[in-house]
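Values below: every heavy atom of this structure, side chains too, minus hydrogens, waters and symmetry copies.
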Amino acid sequence: MPVQRVVLNSRPGNNGVPVPAHFRLEETTLAPDLEDGEVLVRTLCLSVDPYMRCRMNEDTGVGYVTPWQLSECVDGGGVGVVESSRCSACSEGDVVTSFNWPWQTKAVMKGSALQKVDPQVVDGHLSYFLGAVGITGLTALLGVREKGNVTKGANQTMVVSGAAGACGSVAGQIGRLDGCVRAVGICGSEEKCRALVDDCGFSAAINYRKEDIPAKLQELCPDGIDVYFDNVGGGISDTVIAQMNNNSHVILCGQISQYNKDVPYPPPLSEEIQETLRRNNITRERFTVLNYMNKADAALCELSQLVKSGHINVLETVVEGIEKMGDAFCSMMKGGNIGKQIIKISE
């Protein structure tokens, strides 16, 4: 059976910016017969995510994700449908998902590596299993709940960087729902600013490419900042931390501005910022959603209800075709997407 797949063609190097040529589209064939425990799946949609940049290096720098291997099929979050099965847990027609889905139009996978999902949970929007009702939504909801110390009635202000991305756009909405009186997003275009305010209910948004971030933060956060959901690191985060209140909280979710640099994760802070954290008793705790998977089922159920009821609005950027995987990944790393970057592979 002929299929198409995407392999890692070359590595950008620890200080390199990824380009589409680092990926290569290939034709391959699948064996016609399944072994016991295997299923044949047709890929419906795939996602690309910032954490994947470290998988392009020989060493990811973190223990919970492995590097992609040269000339081997790339993998990540995916959703598909079972076309044939020799696994008792999966039947033909089942919709399934995995965090390690190969970037192939069809694939033979172990049924035990797949999670069966119910399309009704997302009103048929199957890509949501890769975003707001998947690992991305879990990261946003549990990050805010576990590290944000949001308290209803406490007049708290939340700032989110990378706010128009898949995780940030949900995190700001969770913050508002949980009791923050203000949620201010930082993003990279006027279109993204409009989406955050008009579609996601943020109080305001700052375009870091055009606006004076310190001045805008002072204007939009007159009572200071109590919770900072940090997706980007670098100078933007330093600016936010400098305006945070005593006893406030940084949720260290991602550092996308640093992923193309050869620095440890999380990257070291300047002495000045470290002193600000100490002086103002600001907690800055790294959040890794995989440490909280015992809470995943309940959180996914809540996310499903919030999305279906319209309390959380889902932003997506969708492109079609497996040949667009490299382009979509590199665009996402430059902020070309609004919300979750999805690649639609088949119907």
Side-chain angles (χ1 to χ4, degrees), residues 47-54 61-62 65 77 130-132 134-148 150 157-176 180 183-189 192-193 195-196 200 202 204-209 213 217 221 225-241 243-244 248-261 263 265-267 269 273 282-290 292 312 314-317 329 331-341:
S47 83
V48 290
D49 303 278
Y51 83 90
M52 292 175 169
R53 173 59 187 85
C54 68
V62 292
V65 287
L130 302 178
I135 201 82
T136 308
L138 284 178
T139 301
L141 186 143
L142 293 174
V144 172
R145 296 268 172 87
E146 298 295 327
K147 303 293 186 184
V150 175
T157 294
M158 172 186 276
V159 171
V160 183
S161 58
C167 186
S169 58
V170 175
Q173 294 180 79
I174 294 292
R176 290 300 301 273
C180 287
V184 176
I186 302 175
C187 57
S189 74
K192 290 180 178 182
C193 288
L196 289 176
C200 297
F202 279 62
I206 301 169
N207 180 351
Y208 73 83
R209 297 183 195 274
I213 301 175
L217 284 172
C221 308
I225 299 162
D226 303 290
V227 185
Y228 172 41
F229 199 99
D230 183 7
N231 285 308
V232 304
I236 287 175
S237 291
D238 291 352
T239 300
V240 175
I241 290 169
Q243 295 196 29
M244 292 186 73
S248 55
H249 304 277
V250 178
I251 304 163
L252 180 54
C253 180
Q255 302 280 278
I256 192 171
S257 72
Q258 308 298 301
Y259 287 170
N260 291 330
K261 301 176 183 177
V263 293
Y265 185 87
L269 296 172
I273 294 300
I282 300 169
T283 62
R284 179 179 179 265
E285 295 183 314
R286 180 175 174 179
F287 176 76
T288 304
V289 71
L290 298 179
Y292 297 89
I312 286 180
V314 181
L315 303 180
E316 284 188 327
T317 298
F329 174 78
S331 172
M332 178 271 307
M333 286 298 298
K334 294 176 182 174
N337 56 303
I338 297 181
K340 185 75 176 181
Q341 178 68 66

If we only count heavy atoms from C-beta on, is the [X] to [Y] side-chain gap below 4.5 Å?
X    : Y    : answer
I241 : I225 : no
T136 : L130 : no
D226 : M244 : no
C253 : F229 : yes
S47  : Q341 : no
S331 : N337 : no
C180 : T157 : no
R145 : V150 : no

So, taking the atom named [atom1] in [X] and the one named [atom2] in [Y], what distance separates them when rounded to the nearest 0.5 Å?
X    : Y    : atom1 : atom2 : result
I135 : Y51  : CD1   : OH    : 9.0 Å
M52  : M332 : CE    : CE    : 7.0 Å
T139 : E146 : OG1   : CD    : 12.0 Å
L269 : S237 : CG    : OG    : 9.0 Å

By ring pair (Phe, Tyr, Trp, His ring centres under 6.0 Å), Y292 pairs with (sequence neighbours left out) F287
Checking T239 now: which residues fulfil side chain to side chain contact (heavy atoms under 4.5 Å, CB included) with it, not counting sequence neighbours? I213, P214, L217
Using side chain to side chain contact (heavy atoms under 4.5 Å, CB included) as the criterion, list what pairs up with N207, not counting sequence neighbours. E190, C193, R209, K210, E211
Expected output: side-chain K192 to main-chain G335 donor-acceptor under 3.5 Å: yes
Is the backbone N or O of H249 less than 3.5 Å from a side-chain atom of T283, with the two atoms forming a donor-acceptor pair by type? no
Looking only at heavy atoms, which two atoms of [X] and [Y] are closest? And how far apart?
X    : Y    : answer
G185 : L196 : CA-CD1, 4.2 Å
G175 : M158 : CA-CE, 3.8 Å
I251 : G148 : CD1-CA, 3.7 Å

Salt bridge (charged side-chain N to carboxylate O under 4.0 Å, His left out) involving D49 - partner list, sequence neighbours excluded: K340
Could I get the full list of salt bridge (charged side-chain N to carboxylate O under 4.0 Å, His left out) partners for R284, not counting sequence neighbours? none
In sequence, state the C-alpha distance, the side-chain angles, and the governing distance for I312 and I174, and then conclude on side chain to side chain contact (heavy atoms under 4.5 Å, CB included). CA-CA 8 Å; I312 286 180; I174 294 292; 3.6 Å; yes
Side-chain donor-acceptor pairs under 3.5 Å in residues 159-169, sequence neighbours left out?
from, atom 1, to, atom 2, distance (Å)
S161, OG, Y228, OH, 2.8
S161, OG, D230, OD1, 3.4
S161, OG, N231, N, 3.1
S169, OG, G165, O, 2.7
S169, OG, A166, O, 3.4

Show the numbers, then the answer: is there a side chain to side chain contact (heavy atoms under 4.5 Å, CB included) between V65 and C54? CA-CA 9 Å; V65 287; C54 68; 4.1 Å; yes
